[in-house]
Asks: 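The structure under discussion is supplied below as structure tokens; questions concerning it will follow.
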Amino acid sequence: MEMLTIGAFAKACRLSPKALRLYDELDLLRPARVDPYTGYRYYAAGQLERARLVAWLRRLGMPLAEIRRVCALGPGAAAGEIRAYWARVEAETAVRRDLAAFLVDHLPEESRRDTIVNTLELRHYAHSDRGRVRPANQDTAYAGGRLLAVADGFGPAGAPASTAAVEALRFLDTREIPAGGVLNLLEDAVRGAEQAVRDAADGTEEAGTTLTALVWTGSRLALVHIGDSRAYLLRDGELFRITHDHTVVQSMLDEGRLTPEEAVSHPQRTLLLKALTGAAATTASPDLRLHDARPGDRYLLCSDGLPSVVPDDTVRRLLAAAPAPDEAVHALIAAANEAGGPDNVSCVVADVVETAA
């Protein structure tokens, strides 16, 4: 049997040696032989067809877990699975087209002025609930005329940490902020929140908090996000998640190592890659974005106690059905508790409304 080194095999199938080692670990493409002394991998020429199929499917963006299933099928069934996958991709792309246009639209323009500052305002409501299982509430939720924030504390000083993070941003609620410099101001504010959390945690590295906040400029909302609390936008009946979880499981989803179905029950689904902690130094940099607002937009900030038990379709339905922010918040928290309430759950809902100039 003709054997190829991992380098020769990688060149022939157009997969990198790093990818081949990953696919070996995931039992997707095992080498034909591994040298017992050097650990060097060798592949049979007959494995090239499967390797090329894997490479093609990865270029389609198919997750590795789904590729493993397709590769185990016969040609006809595999073709059917690929057709079904691509139909899902096209459907998702159609839904995301409006979001892409929305995100592009917020790019800064030097000559732009906030001409609608006096015609739009936020109507908001915030509430935090202990849930049905946890002995205490370590979440903090806040809603003001300019600042919306949710923080989800963890560890022995989780409650003081989440409170400290939000309190460190409260000064943003009392001053008029120009859209052009809000992201720089918000980034500086997060540095202050980091110090406040360290002080609250009193040197306990196991304690910390997530932080997701929006700051209103009069025509735009500036987002700061770190951890796995979330922000959503309900626009024209469609729900868009505008944050990206900083978790181990989300990184595995991004890499194709997990499917969304597998992620729901993964044992590390709450393990954070980024947070504000009691550690003396941190390399955790927050996500910062600027979003243009439209009349009729409804924003939701929530701790992970909501999305962990309430599907996005239900969140969209409840947000769309509630006439006012307070009713939406209470409906969402009730849904989380009806689903078992295994965690603290906090929600902030804010409507962008048009007022007389």
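What you are looking at is a predicted structure, and each value in this text was computed from that prediction instead of being measured. Both backbone and side-chain heavy atoms feed into the values below; hydrogens, waters and symmetry mates do not.
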Asks: How would you list, by chain and number, every residue that makes a salt bridge (charged side-chain N to carboxylate O under 4.0 Å, His left out) with E327, sequence neighbours excluded?
Replies: none

Asks: A quick test of your reading: do over 12 heavy atoms of other residues, nucleotides or ligands sit less than 6.0 Å from CZ of R14?
Replies: no

Asks: Does any part of the side chain of R191, heavy atoms only, come nearer than 4.5 Å to the side chain of P286, both counted from C-beta?
Replies: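 P286 vs R191: side chains touch.
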
Asks: Starting from L26, can I reach L60 by hopping between I/L/V/M/F/W/Y residues whose side chains sit under 4.5 Å apart?
Replies: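 Hydrophobic grouping puts L60 with L26.
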
Asks: Taking all non-hydrogen atoms of both residues, which atom of V166 and which atom of A151 are closest, and how far apart?
Replies: CG2-CB, 3.8 Å

Asks: Going by the rule side-chain contact (heavy atoms from CB on, under 4.5 Å), which residues pair with Q250 if we only count those two or more places apart in sequence or in a different chain?
Replies: R241, H244, D245, T247, L253, D254

Asks: Check step by step if side-chain contact (heavy atoms from CB on, under 4.5 Å) holds for L214 and V348.
Replies: CA-CA 10 Å; L214 289 167; V348 176; over 6 Å; no

Asks: What is the distance from atom CD1 of I242 to atom CG of L301, rounded to the nearest 0.5 Å?
Replies: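 Rounded to the nearest 0.5 Å, the CD1-CG separation comes out at 7.5 Å.
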
Asks: Any non-hydrogen side-chain atom of C71 less than 4.5 Å from a side-chain atom of V54?
Replies: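 When only atoms from C-beta onward are counted, V54 and C71 do touch, with a gap below 4.5 Å.
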
Asks: List the atom of A161, the atom of G208, and the distance in Å for their closest heavy-atom pair.
Replies: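 Reported closest heavy-atom pair: CB-O, 3.7 Å.
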
Asks: Just by distance, no angles: are the side chains of R198 and Q195 close enough, under 3.5 Å, to form a donor-acceptor pair?
Replies: yes

Asks: Not counting sequence neighbours, list each pair that qualifies as a salt bridge (charged side-chain N to carboxylate O under 4.0 Å, His left out) and has a residue in residues 303-326.
Replies: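 Matches after skipping sequence neighbours: none remain.
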
Asks: Taking the hydrophobic residues Ile, Leu, Val, Met, Phe, Trp and Tyr, and joining any pair whose side-chain heavy atoms are under 4.5 Å apart, which ones share a cluster with F154?
Replies: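 Once heavy-atom contacts under 4.5 Å are chained together, F154 belongs with L272.
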
Asks: Has T209 got a side-chain atom pairing as donor or acceptor with L276's backbone, closer than 3.5 angstrom?
Replies: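 It does not hold such a pair.
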
Asks: Looking only at heavy atoms, which two atoms of C302 and Y232 are closest? And how far apart?
Replies: SG-CE1, 3.9 Å

Asks: Please round to the nearest 0.5 Å and tell me the distance separating atom OG of S346 and atom CD1 of I333.
Replies: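 Between atom OG of S346 and atom CD1 of I333 there are 6.5 Å.
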
Asks: Under a plain distance cut-off of 3.5 Å, with no hydrogens placed, do N137 and S128 share a side-chain donor-acceptor pair?
Replies: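 There is such a pair between these side chains.
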
Asks: Under 3.5 Å, is there a donor-acceptor pair linking the side chains of T212 and S229?
Replies: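 Side chains of T212 and S229: no pair found under 3.5 Å.
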
Asks: Compare all side-chain heavy atoms of L185 with those of V215 and state whether any distance is below 4.5 angstrom.
Replies: no

Asks: Kindly write out the residues that satisfy side-chain contact (heavy atoms from CB on, under 4.5 Å) with A55, not counting sequence neighbours, or none if the list is empty.
Replies: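 L15, R59.
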
Asks: Would you name the heavy atoms of A141 and C347 that are closest together and state the gap between them?
Replies: CB-O, 4.5 Å

Asks: Do you reckon L29 sits in the same ILVMFWY cluster as L73, going by side-chain contacts under 4.5 Å, direct or chained?
Replies: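 L29 does not cluster with L73.
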
Asks: Residues two or more places apart in sequence or in another chain: which of them pass side-chain contact (heavy atoms from CB on, under 4.5 Å) with V309?
Replies: A336, A339, P342

Asks: Say whether V353 and L122 are linked into one hydrophobic cluster, either directly or through other cluster members, by side-chain heavy-atom distances under 4.5 angstrom.
Replies: no

Asks: What residue among L290, T243, L186 forms side-chain contact (heavy atoms from CB on, under 4.5 Å) with L223?
Replies: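 The option that passes is T243.
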
Asks: Sort and list the pairs that fulfil ring pair (Phe, Tyr, Trp, His ring centres under 6.0 Å) and have at least one residue in residues 52-80, not counting sequence neighbours.
Replies: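 Qualifying pairs, neighbours excluded: none.
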
Asks: What are the two closest non-hydrogen atoms of A213 and A149, and how far apart are they?
Replies: CB-CB, 3.9 Å

Asks: Taking all non-hydrogen atoms of both residues, which atom of G145 and which atom of D173 are closest, and how far apart?
Replies: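 Nearest heavy atoms, G145 then D173: N-OD1, 3.3 Å.
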
Asks: Name all pairs fulfilling the ring pair (Phe, Tyr, Trp, His ring centres under 6.0 Å) condition that reach into residues 327-349, sequence neighbours left out, sorted by first residue then second.
Replies: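 Sorted result for residues 327-349: Y125-H330, H127-H330.
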
Asks: Roughly how far, to the nearest 0.5 Å, is the SG atom of C13 from the CG atom of L53?
Replies: 11.5 Å

Asks: Does E66 pair with R69 as a salt bridge, N-O distance under 4.0 Å?
Replies: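 A salt bridge links E66 with R69.
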
Asks: If hydrophobic clusters are built by linking Ile, Leu, Val, Met, Phe, Trp and Tyr wherever their side-chain heavy atoms come under 4.5 Å apart, do V310 and V133 end up in the same one?
Replies: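 No; tracing contacts between hydrophobic side chains, which count when under 4.5 Å, never links both residues.
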
Asks: My understanding is that only residues two or more places apart in sequence, or in another chain, count here; which of them pass side-chain contact (heavy atoms from CB on, under 4.5 Å) with R41?
Replies: I6, R21, D24, P31, V34, Y43

Asks: Are the side chain of N344 and the backbone of A136 linked by a donor-acceptor contact shorter than 3.5 Å?
Replies: yes

Asks: Side chains of L273 and V248: does their closest heavy-atom pair fall under 4.5 Å?
Replies: yes

Asks: Give me the one residue out of D139, D228, T210 that meets side chain to side chain donor-acceptor pair (under 3.5 Å) with S303.
Replies: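 Checked D139, D228, T210 against S303; only one passes side chain to side chain donor-acceptor pair (under 3.5 Å): D139.
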
Asks: So do L211 and L169 actually touch side chain to side chain, heavy atoms under 4.5 Å?
Replies: yes

Asks: Quick check for you: to the nearest 0.5 Å, what is the distance between Y299 atom OH and H124 atom NE2?
Replies: 15.0 Å

Asks: Identify, with sequence neighbours excluded, every residue that meets salt bridge (charged side-chain N to carboxylate O under 4.0 Å, His left out) alongside D129.
Replies: none

Asks: In Å and rounded to the nearest 0.5 Å, what is the CZ to CG distance from R68 to L28?
Replies: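 Rounded to the nearest 0.5 Å, the CZ-CG separation comes out at 6.0 Å.
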
Asks: How far does CG of L234 sit from CG of L319, to the nearest 0.5 angstrom?
Replies: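 Nearest 0.5 Å value for the CG-CG distance: 5.5 Å.
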
Asks: Among residues at least two apart in sequence or on other chains, which ones pass salt bridge (charged side-chain N to carboxylate O under 4.0 Å, His left out) with R298?
Replies: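 Applying salt bridge (charged side-chain N to carboxylate O under 4.0 Å, His left out) to R298 gives D351.
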
Asks: For D27, check salt bridge (charged side-chain N to carboxylate O under 4.0 Å, His left out) against everything at least two apart and list the hits.
Replies: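 Expected list: R30.
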
Asks: Give the intermediate values and the outcome of side-chain contact (heavy atoms from CB on, under 4.5 Å) for residues Y23 and R58.
Replies: CA-CA 12 Å; Y23 300 160; R58 285 300 287 157; 3.3 Å; yes

